[in-house]
Amino acid sequence: MRRTVAGTAIGVPVVAATAALAPVRLPVALGVLLVGGGGWLWAWAVIGRNWRSWGYAERADDLLVVHGALFRTLVVVPYGRMQLVDVVAGPVERAFGLVSVRLHTAAATTDARICGLTSGDAGALRDRLAALGEARAAGL
Amino acid sequence: MPPGSEEGEGFGRLHRMTPVVHAIRLAGAVGAAAAFQLSQRSDRTDTGRWVVGTVGVLALVVLAREVVSWAVTRFRLETGELRVDSGLVTRQSKRLRLDRIQSVDLLQPLAARLCGMAELRVTTAGSERAAARLRYLALPAAEALRAEILGRASGLGAGVAEAPERALLVVPARTLVASVLLGLANWRIVLLLIGPLSGLTAAAGGARGAAAAGIAFGSLLPVLFVMAHHVWRQVTGLWEFTVADSPDGLRLRYGLLATRSQTVPPGRVQALRLHQPLLWRPFGWVSVRMNVAGYVGSREHVNTLLLPVAPRAVAQWLVGTALGGVDLESVPLTRPPRRAAWCAPIWWRAMATGSDDRVFVARHGLLSRTIVVVPHERTQSVRIEAGPWQRLWHLATVHLDSTRGPVRIRAAHRDEGEARVILDVQADRAGRARRAAGPDRWMGPTPGQARAGPG
């Protein structure tokens, strides 16, 4: 999804600029095309790396979430500590049929979200988490 | 839900003197504004009158609001809940679950104290909106209600007398004043003083010395005023700081003019921090702050103070007592690997973390020293974070997330493998500690039995 978004965000202006400049100054237009193309390839690779870095594992007592290629984060959230499970889908995510699941504990610093799930998966995950959270609720 | 059509009786009301207390409080504010305007002695007295008039009208509006709020607020203790109904236009009915109470505080601002009134504030976890404020009740009534709420919340039931307490320590006045004065010397004051002092030095050698000195003194005055105000507020606010222990948890009492009395039930202290500013080190003093889920928002800075100043050994003993008999000295601490110097040049030497089977302890700070403590059963989630520079040196930082408050717990710049071990061990210990933790109703049945019911 992000590849498409980034591709559009970089591609459209580049193509537009090239088209606008081509009749006037051909070398400049070619330069823009080259830089834009390079940027596009770079974005493709970075987003791919970032996408591969996301992951989660449901363990017996807690949920493990990893993300980040450059700044790596690994969070362990015990089921008994979950106060609230959020399922969020922004307009762009919705266009691709994706949703994110967010976990909240009593600590504001807990940063556990799982992005890019299909809505079916997300719903099932949310229900499983809610059930586990209820079974192991531990107050604060 | 129109008032008067409620089922059942037994609602309590706020005291009749409440509007008087608010009036005194607001009169003080208007009086201060008037005095300030008079002290200006400007030629344009019209402006002064206008300002005082506006403040007066505003005060009247606020007073009217408080009177209405006093007239429509009612409260009642129900089974397992404290119910507070308020609001004239938008009716609001708050229910606080007694087994989820985080603290019960009795506050006496000066105006209320003069009239023998007190505010009772009951907090639950979350935001300031999750708290019930009953202003004002007569002092004996407020104390009786506090005892009743704590009795019911503890699981002992209705009609229990207030639990007996054991005084742990009182902060001596001399220590308090000295610590506040030493605490003044921080970087903010240094920044404020740079301007006036450089002016003075210029005056000493300059040609137009007198003028420069005048300006310097002129700009020094407000700084001195701010400092004096700060000292006055700290000293009177924290006067005779008393810490006591009771079956209902920690009790804190302090204040010279306005007084506060806080009760934090057992198991509500989420994490603690012992802090030693640089200038306190010759005296060996430390202050202690705590994370309590109910103490959030604008009053966080006042509420979360467990001990303003005490010798280090005393503070460590108090922290151990608050956590139910933990000895901080016996927790083995280890330093991060030597290559952590690439991420934290000199101060990596002051960092150390460790844990035993009950608490996790982290220490840091080269000049000002800080020690944080969190019991395993109170950690919310565990996190490892590693930025690109840290990854180059195979280092990672472990965070133990606690509820909102002044205490942040982390083990910075540990070896990657070790960080993973810390994470796994903490997650496992937290899980076991959680299952063994005491019940929300601290005098009630053991957790196994308590969990049998719904919720």
Side-chain angles (χ1 to χ4, degrees), chain A residues 42 45-47 49-50 52-86 100-115 125 129-140, chain B residues 97 99-100 102 124-126 267-271 291-294 296 377-391 396-405 408-410 416 419-420 423-424 426-428 430-441 447 450-451 454-455:
Chain A
W42 178 76
V46 164
I47 292 168
R49 242 181 93 183
N50 185 281
R52 277 193 302 278
S53 76
W54 283 86
Y56 69 97
E58 295 168 63
R59 301 200 301 187
D61 260 343
D62 39 35
L63 183 82
L64 227 72
V65 185
V66 283
H67 68 85
L70 209 55
F71 291 85
R72 276 196 197 146
T73 309
L74 163 66
V75 195
V76 182
V77 186
Y79 296 130
R81 287 290 185 226
M82 287 187 313
Q83 302 283 332
L84 159 78
V85 183
D86 245 355
S100 338
V101 175
R102 258 197 116 102
L103 307 181
H104 297 269
T105 67
T109 46
T110 303
D111 169 32
R113 64 206 156 92
I114 306 168
C115 292
L125 178 65
L129 291 178
L132 283 166
E134 188 129 336
R136 282 153 218 247
L140 285 178
Chain B
R97 279 182 54 181
D99 56 344
R100 289 297 165 90
Q102 301 293 320
T124 55
R268 265 64 171 179
V269 176
Q270 306 275 340
N291 277 3
V292 172
V296 292
E377 68 267 27
R378 299 283 159 238
T379 48
Q380 297 289 330
S381 57
V382 194
R383 223 162 7 122
I384 292 186
E385 290 194 346
W389 182 248
Q390 277 181 307
R391 289 228 320 281
T397 300
V398 184
H399 297 257
L400 305 189
D401 295 315
S402 173
T403 57
R404 220 180 309 172
R408 295 271 171 92
I409 309 101
R410 62 191 200 138
E416 270 177 352
R420 188 57 205 252
L423 178 97
D424 289 337
Q426 281 311 120
D428 175 54
R432 264 186 287 144
R434 219 160 39 234
R435 282 188 286 279
D440 281 342
R441 296 182 176 281
R451 293 277 174 266

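Keep in mind the model is a prediction, meaning the values are calculated, not measured. Values below: all heavy atoms of this structure, side chains included; hydrogens, waters and symmetry mates excluded. We name chains A, B, ... by the order of the sequence lines, and we start the count at 1 in each one.
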Just give me the residue among B:Gly387, B:Ala419, B:Pro388 that pairs up with chain A most often, heavy atom to heavy atom, under 4.5 Å. B:Pro388
As a test of understanding, state which of A:Thr73, A:Asn50, A:Leu74 forms a side-chain contact (heavy atoms from CB on, under 4.5 Å) with A:His67. A:Thr73
What part of [X] lies closer than 4.5 angstrom to a heavy atom of chain A: side chain, backbone, both or neither?
X: B:Arg378; result: both
X: B:Gln426; result: neither
X: B:Arg268; result: neither
X: B:Ser402; result: backbone

At a heavy-atom separation under 4.5 Å, does A:Ala69 approach chain B through its side chain, its backbone, both, or neither?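 Contact with chain B involves the backbone of A:Ala69 alone.
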Does any heavy atom of chain B fall under 4.5 Å from the side chain of A:Leu64, the backbone, both, or neither of them?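 Contact with chain B is through the side chain of A:Leu64 alone.
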Flag yes if more than 12 heavy atoms outside A:Arg136 fall under 6.0 Å of its CZ atom; otherwise flag no.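 Counting other residues, nucleotides and ligands, CZ of A:Arg136 exceeds 12 neighbours.
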Heavy atoms from other residues, nucleotides or ligands near CD of A:Glu134 exceed 12 (cutoff 6.0 Å):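 No - once you tally the heavy atoms of other residues, nucleotides and ligands closer than 6.0 Å, there are 12 at most.
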Report yes or no: do B:Thr397 and B:Gln390 form a side-chain donor-acceptor pair below 3.5 Å?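 Yes, because at least one side-chain N or O of B:Thr397 sits under 3.5 Å from a partner of the opposite role on B:Gln390.
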Could you tell me whether the side chain of B:Arg404 and the main chain of A:Ala106 form a donor-acceptor pair under 3.5 Å?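 No; judged by distance alone, with no hydrogens or angles, the pair does not exist.
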Flag, side chain of A:Tyr79 to backbone of A:Ala131, donor-acceptor distance under 3.5 Å: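 The answer is no, because no donor-acceptor pair under 3.5 Å joins these two groups.
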Ranked by heavy-atom pairs below 4.5 Å to chain B, first place among A:Thr105, A:Val77, A:Leu70, A:Val75 goes to A:Leu70
